[in-house]
Structure formats: C-alpha cells, structure tokens
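Below, chain A is the first sequence line, B the second, and so on; all start at residue 1.
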Amino acid sequence: MKIELDKAYEAKKFEDEIYKTWEESGFFNPDNLKNAKEPYCVLMPPPNVTGILHLGHALENSLLDTEIRYRRMCGYKTLLIPGADHAAIATQARVEKELQKNGIKNPREELGREKLLEEIKKYAENSKSKILNQIRKMGTSCDWSRFAYTFDETRSSAVNTLFQKMYSDGLIYRGYRVVNWTVKGQSTCSDDELIYEEEPVTIYTFKYSHDFPIPIATTRPETKLGDCAVAVNPNDDKYKKFIGQKFTVDVGALNPLTITIIADDNVDTNYGTGAVGVTPAHSMIDFEMYEKNKNIGIIPVIGKDGKMNENAGKDYQGLSTKEAREKFINWLKENNLLIKEEETTHSVGKSDRFGDIIEALPMRQWFIDVNKTIPGKNKSLKQSMKDVFTIGHNGNKKKIIKITPDRFVNSYMQWIDNLRDWCISRQIWWGHRIPVWYNGEEILVPKTITEIHVTRHGLTDWNKEERIQGSTDTPLDEQSVEEIYEMAKKFKNENFDIIICSPLKRARQTAEIINEELKISIEINKLITERDYADFEGKQKSEIKEKYPEYEKNKISFDIPGDEENYEELKERATKFIEYIKTNHVGKKILVVSHHAFLRSLNIIIEDATNEDALKYKLPFGTTDKYQILDGQYKLKGWTQDPDTLDTWFSSGSWTFSCLGWPNKTKDLKTYHPTSWMQMGYEILFFWMARMILMSTYALDDIPFKDVYIHGILRAKDGRKFSKSLGNGLDPIEIINEYGTDALRLSLLKGIAPGNDAKFYEEKVMGSRNFVNKLWNISRYILMSADTIKIIKKQPKPNTLADKWILRKLNSLIESTTKDLNDHNFSMASNALYDFTWTDFADWYIEISKVEKNKDEILLYILQTLLKLWHPFIPFITETLWKNIDSKLLMVSSWPKANKTKPDSLIEFGKIQEIIIAIRNIKNDNKIDTKTIINCHLESDKYTKLIKEQSAIIENLAKVKLTSDIYKDTIHITNIDIYIEIKINDEDKKKQIIELEKYINILETKLSNKQFTDRAPSEIIDAEKKKLEDAKELLKKLK
RNA sequence: GGGUCCUUGGCUCAGUUGGUUAGAGCGUCUCGUUUACACCGAGAAGGCCAUAGGUUCGAAUCCUAUAGGACCCACCA
C-alpha cells in the first residue's frame, strides 16, 4: 500500500496529537515499562510558578527529555518527574508588585495574611497550570502521575519532618544574630540572595572624640552611633598598649558609647588607619568579633523600617540612614573630628528580589548550623557537603558525585569554605510556615502534624425545612448537589490524604461529589454521624418531642451510641474520634464531612470552649474549619505557630527524596534514590545543588544524584542575557508555533558545550527547522517509493560498494551516537547525526539509490535506524514518521545496536566521490550546466576495476558519459587521471600545483626529521610516507 | 585578594585523553526549478586557531606569561 505525505513537514499538524498518544500510552510511567529492569531516574528542576516558561526552561526540558528518551529506548526503567516550585520570595514579590500596580499600595497591610496568600495562590496556580502545559508543548516525556509541587502535602510533610529532625539533632537553632534584611521586602535573606554592585562611596576617617587615641574609617558613619569597640591587631606596636582599655565617648547617641579596645588577628595594620570601629549590630564581621568578646555589648541603631531607632539618640531617631549619615558627618566636622574624606568604589549588597540595599540587622531567626558535628557522625554538614566530591559520602568511593564539567567543583569548594550558618527563616508569607509553636517560653517542634479540615454535608429538604418527619436519612436536594460541586473545586489544590464522612446519605453523597475532584479514598466513620437528639441546645428531649410529634415514629435506625445521646455523650464521641485519628491517621491531612452538632462538639473539646461559647459556633455550609494535632496534642489554646516561613531552598534541597515520597518509606524511594542524573544551570549551583547535597546526605545518608550536568545560560546574539527589562526575550511557545518543537529542541542542543553560555537566535531555529523538513522529505521519498513498508529487523546484505559504504558509516554512527549520549554529549551526537543524514545519506546514498535501484530494504533499514537515533532529540517528527512504518510507538522501540562491518569500502567509495566532485568542479568552473552531460575518460593503474564497476554511479551523479576516447585536457586526483572534453583553466591548475608543492614540502620536512622517524609510532610514519608518495605522483602528472 | 571560563573564517559555534593540508551552520559569490525536498541541489571564496615563550618527533589541543572579554567568591575598617 502506497502512502501519501505532505510536501513539507508542518509541525503544528502533528505535535499535540503525538503528545497525547504518548501520554495515553502510559509509557511515561516506568511502572508500565514491563521489560525494563534497571531504574534510571531524573528529576526536573522545578520551574518557579512566577510566570511562564522561558528559553532556559526550554533548554532544560530539551536536555532532560533527550536524556530520558535515550535511556528509555536503551531499556532502562526510566522516570522523569515533573515539578513546580512555589518559589517563596520570588512569587510573593511578583504578586505584590502586580497588586501595587493595581493601586494596592501596601498589599500586606491592606489585604492581611489570609487574603494576600489567597491572591498569591491564585497567581501561582494559574502560572503553574500554564507552565505544565508548556512542558507538554516541549514534548517532555515526564510521568505526570508523579507530579510534585514544592508546596503540596507530600513535600510539606518532608519539609516539616526534615526541620524536626534537624532541630532535634541540634542542627537547626534559633539565635540572635546579624542577618541580611531587605527593608523593601521586610524580610531576611540568605547570603546567596544578595547581588553585589560596585557603587561610588565616601570613606570617612575620624575620631570619636578628641581624646580618643585611635582614628578609624568607615563608609557607614551612621552606624557608628552603635559602635562598641575598636579592634586592632595584637601585634601592632602603635596600638597594642590600648588593648583592654575602655573609653567613653559621646557621639550623640542615646547613651554615651563605651568603646573597648580589642585585639583581632584579622585587622590589617597597613590598611586604612590600622584599626577597625566595631559595630556588632550592623556588620556580620563585627558581630563575629562580638561573639568572641561578648562583654563589648551590642547596640542596634537601625530598625526594621530602615530608619534610625531610639538608641541612635533624639537627634537621629526616625531619620533615614542617609539623613543620619549627613547629620553625623556634619557633627564630626563641627567638632573637628573628621580627619579625611576619600571617594572610592565599593560593592554594595542588594536584595536580588526587591532591589534595595541590604541592611545588616541583629535579629532572632532560625539557622542551620553548618559547622556543628552531626550527632552519630564525626563530621559537620559542611564536611559532608565536601566529601561527596572528594572521598565520597562516608568515605565510600562509589558515592562520589560526578560533575560535568568538573571544573565546577573548584568554585563549589570555595563556596563551602566561606559558608556561614544558613538563615532559613523569612518574614514573607508565601512559603512553608516554620513548624514551630510557641506558648510563652515553651517551644514545640512536633514530629507529626495532623490536620483535620471539617466541613458540613450538603443540605436536604429535610434540613432546610427543619423537619423531623419521614426518614432522617434523606439524600441531598438538587441545588445542594450543585453547590457541592462548586465547593469541591476549592478543595482541589488542598492535597488531602483522605476524606472521612458520616455514614448518613447526605454526608456520603457530599463526600463522593467532592471526591470526584480529589480522587482519594473515603472512609465512612460511625463516630461522626449525626446525633439522634440531645439536650445540647438547651432543648429537653420532651421539648423536641413536643415540637416534632412525629419524631418518635421515625427513629433513626443506624448504630449510634443509643438514641438518647446527650451533650456529654456527644463530646465523648468527639474525643473518641480525635483519639481514633491520633492512632490511625497520624500526619495526614484529613477532610471530615460531618454534621453541625458533631462538628460543634468537636470544636468544644478542641478549643476547650464553654458550652455557652460553643452555642455561638457556626459553620455555614461551604466553609471549613481547621484543627491541628501536634504530636498527639490537640488542645492548642495559647499556642501559636511561628509566623515566619522557610527559605524556599529549604524545600528545594529535599527535592530528590521528597519527590519520591519521603518521609514515607515508599517503593519509589527505594527504587530511584539516589537519582541517576541531574541537570542545572551553573547559576544555581550553590542555591540548589549544594542544598540538595546537604539535605540528602543528612536525611538519607546518601548522595542525592550520581551524575550532575551543568549547563550555561542562553544569551541574545549580542551576548546580553535575555530579560524582561531589556525586552529581548524570545518566547519558546511562539517559536514552537512558528517552527515546531523539534526545531526548537534541536537548535538548543546543537552547538552547546556543558557549562558554557550559548547564544540563541532565530536563524538557528530556522536551520533546525530546515533539517527537520529535510528528514521529512528523505522519509517521504523512501516511504512513498517503497513497494512495501515494513520493519526491517536485520541489517540487509549489502550488494554494492555504495551499500557497504553506507552501512559501514551507519554502524559507526550508531557507535558514536551511543557513546556521545552515554557521556551526555548532546551537541556532538546531534552534529554527527546531522552530517550523516544530510550529507552521506541524502546527498550521496539516496541519489545513488536512484541509479542502482532495488534498495527498498536497505533504505528502509537505514531510515528506521535513523528515526530511532534521532528520536531523543526530535521526538515529534520521528514518531510521526514512524507511524507509517509500525503500529507500535517509536518512543519505546529499542535503541539500535551497531553491526560489525569492514572499513575497506571507505577508501574505494571515497575515490568515487573524489572523481564525481572533480568533474562537477570543472563543470562549475566552466559555467556548464550541472545536468549537461559531457564526455570523459578515466584512467588509473590502481582503480581500473573499481571505476568500471562504479561507472553507472559516476555517470549519473557527475552527469558524464564515460568513453574510451582520450581528450586533451586532464584533471588529476591521486591515482586517477580524468580526461575531459572541456578546457581546463590554467590558473586553477597552477594553484593546485602550488598547494601541492607546499604540502609535499611539509611532509618532506617532517619525514626528514630524524627525531620524528625515531620516536613517532610506525603507523603514523607509514601514513605520512604514503601521503608523500601519492602527492609526489600527483604532482608529476600535474606538471 | 582568590578562582573560573572565553578568544578558531563576516556572524554563531564544534573540535573527547596531542597525530590527515582545522570542521559545521548562517551569511557571501557562481550555476541550477533533474517529480523527496527552493525549508532544495551542485560548486566556490574565506582561518599563520588572541599574543609571546615553553614541553614534544609532532600543539587549536598540554604548561607559563601577556592582552582583551565574561563570570564566581571573599574583602571593602
């Protein structure tokens, strides 16, 4: 059966459908790869939910997917887990900015925590769903069933567990230390979240007072209002006599300052004045000195608002740092204390996200201690982080992480050496709440946090009319059903583990409708059913009887603790329920669907409310209440959770194992950790790679990944970064729409070297698009001209020289591609494939196949092999074409294996190519139309037989007629003379001779060098000799 | 102050342990619509591989300096 294919490949027509086919096949999920044994797991660096996919993501997706598709075809049990990162500070900053644009000047104040969080969540969810679709557009073959979000339940539970573990090991502590503070963002940030910019500053040299013996210098005069010491080098003859002395100086601060002269080895006697004014509150370095000499004290003079506080004194309080600086300088001048002013530049730390200058402020925050010995181990986290690149984790050489390119180890080690304790608490709201509760001075860091969200069932006619007639176990009314569907949408992103509902119809039905959205398990629990009747609301049994006379006749028939349950019994039942949760659903996030009276009694026992207060309790339909059980403790009155959130990298650090289900002992964790390969840009080496290593070695006692590949940044053609503010961004989706995903992927992978930046521009994509189209047309030709299209399993027997040659080339290609992909050498692999496909196969072999005929099998075989080899790079077009060949998916076909072939065809075929090219050249030089057939005679001592056998190819490809007539003009190539009926340009000949003579000269010098002939390997010498021989012979003929 | 990377034809870049007269794509030029493909075909021009030394029989490749460019870390009293 003949098939028809369009003249040009239109990516748009096929891509979405192909992706759907893949996704529906189930093969993205390794559980469905039945024959695969050895696991191969790669995690997607989760894109931030701060916007949409950019080119960097496109590059990462191309790398990830090419890797994973290759491994899948090789027979690995491949898993690529897709993810997204809530990106705490980045997302909140983004949303706040948007809100400000819309007129909300101070979103935190105006909206409050809950409302702002809702806004951020809305934004994040929206962005997330866009990103996920874009990942699909990229063709990424990830297992969507294992999708992980840093802010979902599993990942949050990992965060909490990790925090608790580190806290109980003493590695996380709460301390008063100097931290980086962004006034604009009103939050701390880690040392790595600063960007430094060179700015002009003035250095002021001054004395605190006229009788103070040591001058000091500063670029931040206003902080000097909080100075507590002056540090000098202990070996400094000039100053060492003052060490230990105290001076009282009045510089205008609230209280006169007591300046202690202390010794510090780090003070350089030759730099500046040779002495350092120590401001413990507003410099990390000075704070470290304070920690060694606590008696000097610490005086913060700048507040969280970036303004001078009361310690700074009446004159300064309330001023901005800039105003205070001017004022202080003026004071120095007036009092003749200013010695010198010098202009210089200085790198100023700014907040990466908010852009303002960072203030160093002392605060009580949470930190990870990187230097403390880990309990049960003989080393610190810092040491652990180093070991994985040197001696291996725990000294195990098998647990050394391989990094490509390995030069990044250097900068990593340097970073580790300078690592200070990591400040992990942030004052922003979007993020994992710090899992610590306070009650006065008491601190609780629970091992388990169980969450109970309670909601009411939908209404029935019975509820609405407050009837107690007929059966009480009635189904929902229609309107309620609608309302529950609405409500269910809200629960969709809550990530509940389980729904527990009352056995009554209305509750069960409610739970089932909600579960259509959540798709989790439902547990029916009698403990939370409706009470029969009770005296709880102050009504006596008799009153109820009075109000609803029919009631007695319709007794509820299900099994609850008696039909005369009273208030105390109801509370007892609620307590029992809590106990039940505590033993059976520890650590879960539970949605409870129950009845108002029960929920009220639950509220009473948890909140320790009085009966009277409890009467005010209302939980209108559609709303939820939330309770927590911390390590079994559920009465949490008086306890409040820390309002701060965790640094976003705290959760990203656990990515390799939280993605696989930790802290639960899941099968995935056992199978896939450590993960096989990790890929990231060098800009997040410290942020992310370092933290993953820290977390994984600590929590799992293992490395997070075996192999890490570092890629560079994509830049515009002018070398600048792509950025929104420059407006030079290229939207990957627009590129896909115009050129197709395959073209985009190929242009991203071709010509990139690991760790190096690469420039990206549209022409590159155009080139790739052209190639994709070429592949389409190659296939179109083969498929449309073949008599039968079938799978060719075995390499067909070569019949001609060309057959032998192309198969030899193909087998080398299989070998090199396999090797390159094993080494993650994507660029080299694609270049070699490109070359073979376009030049060897299309330009030569297919053209020959038009002459030699009957090559269906061999053409199909090569095409099939090529589609396989290309599949990891350009999955869409290859799969589209494959559909015409096989009903099975190319995605799960097996990777080609190279057959052994002899190399002898290479030289002979090369000769034929040389002849053809030489003739084409002459024609071109003489402006003869390529297709005009000219007469020509070939003469060779060595290749007579070859020429005779291959004459058809020569005649057809060079468009000549081979004759026995000898013509006057000849061109010469090694060992062959080509007599041709057209005139040859003498200039060309002369040029050829000059070049050849030069070449001979080089070879002769080389060979006459005794050192060379003595020391070089014999095969190299022989080859050089042969070259010289051939060249000399050719030269003779040319002359 | 410490460290890293880059410098290869007009542009963008490959070049895997040192071994053909250094490759590709785009661009330029010439010729060409031969039914797979003008998103094409045939061909051409264009490079002392930044500079200077060194190691070696042999260097774009290894070493050392220098220049220019980019970046990271620390410090910045």
Side-chain angles (χ1 to χ4, degrees), chain A residues 5 7-9 196 201 203 205 216-220 230-231 266-268 271-279 283 285-286 344-348 405 407-408 410-411 413-415 417-418 682-683 685-686 712-713 715 717 719 739 743 750-753 755-761 763-764 766-785 819-820 823 825 827-828 831 834-835 842-843 846-847 850 917 920-921 923-925 927-931 957-959 995-996 998-999 1002-1003 1006 1009-1017 1019-1021 1023-1024 1027 1031:
Chain A
L5 293 172
K7 209 168 164 183
Y9 174 65
Y196 290 94
V201 285
I203 300 182
T205 307
I216 54 162
T218 183
T219 55
R220 295 286 313 266
V230 165
N266 292 323
V267 176
D268 184 347
Y271 190 92
T273 64
V276 185
V278 181
T279 322
S283 153
I285 302 281
D286 294 2
T344 181
T345 58
H346 178 112
S347 68
V348 178
R407 62 183 144 90
F408 283 106
N410 279 341
S411 48
M413 289 298 181
Q414 194 183 27
W415 180 82
D417 283 337
N418 290 314
Y682 60 74
E683 76 278 10
L685 211 69
F686 307 138
I713 293 170
R715 292 169 182 280
K717 211 168 183 177
Y739 299 104
K750 252 171 71 100
I752 56 155
N756 286 5
D757 291 353
K759 294 189 176 126
F760 186 85
Y761 42 91
E763 292 93 308
K764 235 175 182 171
M766 257 149 85
S768 299
R769 187 270 319 262
N770 293 354
F771 173 78
V772 168
N773 190 55
K774 183 76 185 178
L775 182 61
W776 175 262
N777 272 293
I778 290 169
S779 313
R780 178 170 185 253
Y781 173 70
I782 295 172
L783 296 175
M784 283 172 65
S785 56
K819 187 185 177 300
D820 288 340
D823 298 343
N825 241 325
S827 177
M828 263 198 246
N831 277 333
Y834 184 99
D835 236 36
D843 292 346
I846 292 185
E847 290 311 313
K850 293 173 185 170
I917 289 169
R920 283 171 174 173
N921 250 319
K923 280 199 195 174
N924 254 298
D925 285 352
K927 314 250 168 194
I928 293 170
D929 192 340
T930 325
K931 68 184 175 186
L957 266 62
K959 299 290 175 207
E995 273 177 16
L996 199 56
K998 229 164 52 187
Y999 179 44
I1002 293 167
L1003 289 171
K1006 205 178 204 179
N1009 185 340
K1010 203 167 162 290
Q1011 306 266 45
F1012 175 69
T1013 45
D1014 285 354
R1015 299 199 195 179
E1019 62 264 29
I1020 299 257
I1021 297 170
E1024 298 296 301
K1027 277 188 249 167

*Have a look at A:Ala842 and say if it touches a base, only the backbone sugar-phosphate, or nothing, with a 4.0 Å heavy-atom cut-off.*
base
*Protein-nucleotide distance (A:Lys927, atom NZ; B:rC29, atom P), rounded to Å*: 13 Å
*Could you give the distance separating B:rC72 and B:rC29 at their P atoms, to the nearest angstrom?*
41 Å
*Expressed in angstrom and rounded to an integer, what is the separation of A:Met828 atom CE from B:rC13 atom C1'?*
13 Å
*Rounded interatomic separation in angstrom, taking CG from A:Asp417 and P from B:rA74*: 12 Å
*Hey, does A:Leu685 reach any base, or is it just sugar-phosphate, or nothing, if we go heavy atoms under 4.0 Å?*
nothing
*Short side-chain N/O contact to B:rU21 OP1/OP2 from A:Lys1027, under 4.0 Å*: yes
*Measure the CE-CG distance between A:Met784 and A:Asn777 for me, rounded to the nearest 0.5 Å.*
9.5 Å
*Roughly, in whole Å, what's the span from CD1 in A:Ile752 to P in B:rG15?*
11 Å
*Measure across A:Ala958 and A:Lys923 and return the closest heavy-atom pair with its distance rounded to 0.1 Å.*
O-NZ, 3.0 Å
_Residue whose closest nucleotide on RNA chain B lies nearer the 5' end, A:Asp823 versus A:Thr218_ = A:Asp823
_Considering every strand and a 4.0 Å limit on heavy-atom distances, what is the contact class for A:Met766: base, sugar-phosphate, or nothing?_
nothing
*Decide side chain to side chain contact (heavy atoms under 4.5 Å, CB included) for A:Val201 and A:Thr344; before the verdict, give the C-alpha distance in whole Å, the side-chain angles of both, and the deciding distance to 0.1 Å.*
CA-CA 5 Å; A:Val201 285; A:Thr344 181; 3.8 Å; yes
*What is the nucleic acid contact for A:Ala1023, judged by heavy atoms within less than 4.0 Å: base, sugar-phosphate only, or nothing?*
nothing
_So A:Val267, base contact, sugar-phosphate only, or nothing? Heavy-atom distance under 4.0 Å._
base
*Pairwise P distance, B:rG68 and B:rC62 [rounded to whole Å]*: 23 Å
*Hey, is the side chain of A:Lys759 poking within less than 4.0 Å of OP1 or OP2 on B:rC13, counting only N and O atoms?*
yes
*Sticking with atom P, work out how far B:rG2 lies from B:rC49, rounded to a whole angstrom.*
31 Å
*Can you tell me how far OG1 of A:Thr1013 sits from CD of A:Glu1024, rounded to the nearest 0.5 angstrom?*
12.0 Å
*asked:* Let me confirm one number: the OG1-CD1 distance from A:Thr279 to A:Ile285, rounded to the nearest 0.5 Å.
replied: 12.0 Å
*Measure the NZ-CD1 distance between A:Lys759 and A:Ile752 for me, rounded to the nearest 0.5 Å.*
15.5 Å
Return the polar atom pairs (N/O with N/O) between nucleotides 3-11 of chain B and the protein under 3.5 Å, or none.
none

_CA sep, side-chain torsions, deciding dist, call: A:Val348, A:His346, side chain to side chain contact (heavy atoms under 4.5 Å, CB included)_ = CA-CA 6 Å; A:Val348 178; A:His346 178 112; 4.0 Å; yes
*asked:* How would you summarise protein contacts on nucleotides 37-44 of chain B per nucleotide, using B for base, S for sugar-phosphate only and - for none, with heavy-atom distances below 4.0 Å?
replied: BSBSSBSS
*Does any non-hydrogen side-chain atom of A:Leu5 lie less than 4.5 Å from one of A:Leu783?*
yes
*On a whole-Å scale, what distance lies between the C1' atoms belonging to B:rU28 and B:rU51?*
30 Å
_Approximate separation, where rounding is to 0.5 Å, of A:Lys819 NZ and A:Asp823 CG_ = 4.0 Å
*Do A:Ile846 and A:Ile778 have side-chain heavy atoms sitting under 4.5 Å apart?*
yes
*Tell me what A:Pro405 touches on the nucleic acid: a base, only sugar-phosphate, or nothing, going by heavy atoms under 4.0 Å.*
nothing
*Would you please name every residue forming a side chain to side chain donor-acceptor pair (under 3.5 Å) with A:Gln414, sequence neighbours left out?*
none
*For A:Lys850, does the NZ atom have more than 12 heavy-atom neighbours from other residues, nucleotides or ligands under 6.0 Å away?*
yes
*Euclidean distance for P, B:rA44 against B:rG3 (whole angstrom)*: 49 Å
*Report the residue (A:Arg220 or A:Ala753) whose heavy-atom-nearest nucleotide on RNA chain B is the more 5′ of the two.*
A:Ala753
*How is A:Thr345 classified with respect to the nucleic acid when contacts are heavy atoms under 4.0 Å: base, sugar-phosphate, or nothing?*
nothing
*Determine the Euclidean distance between corresponding P atoms of B:rG19 and B:rA60; express it in Å to zero decimal places.*
9 Å
_Distance, nearest 0.5 Å, that separates CG of A:Leu957 from CG of A:Asp843_ = 10.0 Å
*Could you state the CH2-P distance from A:Trp415 to B:rC73, rounded to the nearest angstrom?*
10 Å
*Got a minute to check which stems RNA chain B is part of, using Watson-Crick or G-U wobble pairs under 3.5 Å, three or more consecutive?*
B:1-7 with B:67-73, B:10-13 with B:23-26, B:28-32 with B:40-44, B:50-54 with B:62-66
*asked:* Using the ring-ring contact (aromatic ring centres under 6.0 Å, His included) criterion, which residues pair with A:Phe686? Sequence neighbours excluded.
replied: A:Trp415
*Using the P atom in both, what is the distance from B:rG9 to B:rA52, to the nearest Å?*
16 Å
*Value in whole Å for how far the P atom of B:rC75 lies from NE2 of A:His346*: 11 Å
*Just checking A:Lys998: base, sugar-phosphate only, or nothing, at a heavy-atom cut-off of under 4.0 Å?*
nothing
*Select base, sugar-phosphate, or nothing to describe what A:Asn1009 touches, counting heavy atoms under 4.0 Å on all strands.*
sugar-phosphate
_Distance criterion of 3.5 Å, no angle test: do you see the side chain of A:Ser347 paired donor-to-acceptor with the base of B:rC75?_
yes
*Aromatic A:Phe760 / basic A:Lys717 pairing, under 6.0 angstrom, 45° off normal*: no
*asked:* Nearest to the A:Tyr271 side chain among B:rC76, B:rG15, B:rG19, which nucleotide is it?
replied: B:rC76
*Regarding A:Asp757 and A:Tyr682, is there a side-chain donor-to-acceptor distance under 3.5 Å anywhere?*
yes
*asked:* Give me the distance, rounded to whole Å, that separates B:rC31 from B:rG18 when you measure between the C1' atoms they each carry.
replied: 42 Å
*Whole-Å gap separating P (B:rU30) and CG (A:Asp929)*: 16 Å
*Determine the contact category for A:Gly751: base if any of its heavy atoms lies under 4.0 Å from a base atom, sugar-phosphate if only primed atoms, P, OP1 or OP2 are that close, otherwise nothing.*
sugar-phosphate
If you restrict it to nitrogen or oxygen atoms, what contacts under 3.5 Å exist between nucleotides 59-61 of chain B and the protein, and what is each distance?
none

*Whole-Å distance between B:rG23 C1' and A:Asn831 CG?*
10 Å
*Please say whether the positively charged group of A:Lys774, taken as NZ for Lys or CZ for Arg, lies over the ring of A:Tyr834, i.e. under 6.0 angstrom from the six-membered ring centre and within 45 degrees of the axis.*
no
